Amino acid sequence: NAGVMQNPRHLVRRRGQEARLRCSPMKGHSHVYWYRQLPEEGLKFMVYLQKENIIDESGMPKERFSAEFPKEGPSILRIQQVVRGDSAAYFCASSHLAGGPNEQFFGPGTRLTVL
Amino acid sequence: ELKVEQNPLFLSMQEGKNYTIYCNYSTTSDRLYWYRQDPGKSLESLFVLLSNGAVKQEGRLMASLDTKARLSTLHITAAVHDLSATYFCAVGRDFGNEKLTFGTGTRLTIIP
């Protein structure tokens, strides 16, 4: 059973470009969480999605950031017009069920560098 | 707003010694998670603590949860070098939304 997969693992963008980060949850998992980790800091929640629905986007910046989890295919975190402050590691995690304490399994992360 | 604090932030200890990392959180929760992160790597799940008084042990690591005190501890016994890593606690709150609030992390360095 493959774990959570993310790609690309490393992404370099120039200011003003778009970044698209992909996350494929573990098989059988329909809940995806995105977190951002700035250098030397802990992880900060960004958004929680189920298939075709955004459940909680309270941690997402109001502008330039969007996320989706379509019926088919991976979850996508999209950052438009990137700025240097967007440089961070972006992790996704997946879990099996909502309701109750369901362990999240983390992907390897995408390390975004904005030049 | 849920806040999660860990201390110490940095910890250097000699091999063979014991130490404890503390995790305090600000609002009621009955689920707490400990993760390990090596430099440049993802998070590895260590423990899931789901009830008051829960204690779990794996090798040289033992975690406990006191929901009344809103405190979890991660105890390291007879530390060895390969335990060097950053350790995070994380708290989940709401049924139906398992988003985690992470502590600041404790960077542990084991000195031979």
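All of these numbers come straight from a predicted model, not from anything done at the bench. The sequence lines fix the lettering, A, B, ..., with proteins before strands; numbering per chain opens at 1.
- Summarising the geometry, atom CD belonging to A/E41 is positioned 9.5 Å from atom OG1 belonging to B/T104; distances are rounded to the nearest 0.5 Å.
- A/F105 does not touch chain B: none of its heavy atoms, backbone or side chain, sits under 4.5 Å away.
- The two residues B/Y35 and A/Q104 make their nearest non-hydrogen contact at OH-O, 3.4 Å.
- For A/Q37, the part sitting under 4.5 Å from any heavy atom of chain B is the side chain, from C-beta outward, and nothing else.
- Only the side chain of B/Q37 has a heavy atom closer than 4.5 Å to any heavy atom of chain A.
- For the atom pair CZ (A/R22) and CD1 (A/I76), the distance works out to 5.0 Å, reported to the nearest 0.5 Å.
- No other option in A/A93, A/G107, A/A89 has as many heavy-atom pairs under 4.5 Å with chain B as A/G107.
- Using modelled atom types, no side-chain atom of A/E52 and backbone atom of A/F69 make a donor-acceptor pair closer than 3.5 Å.
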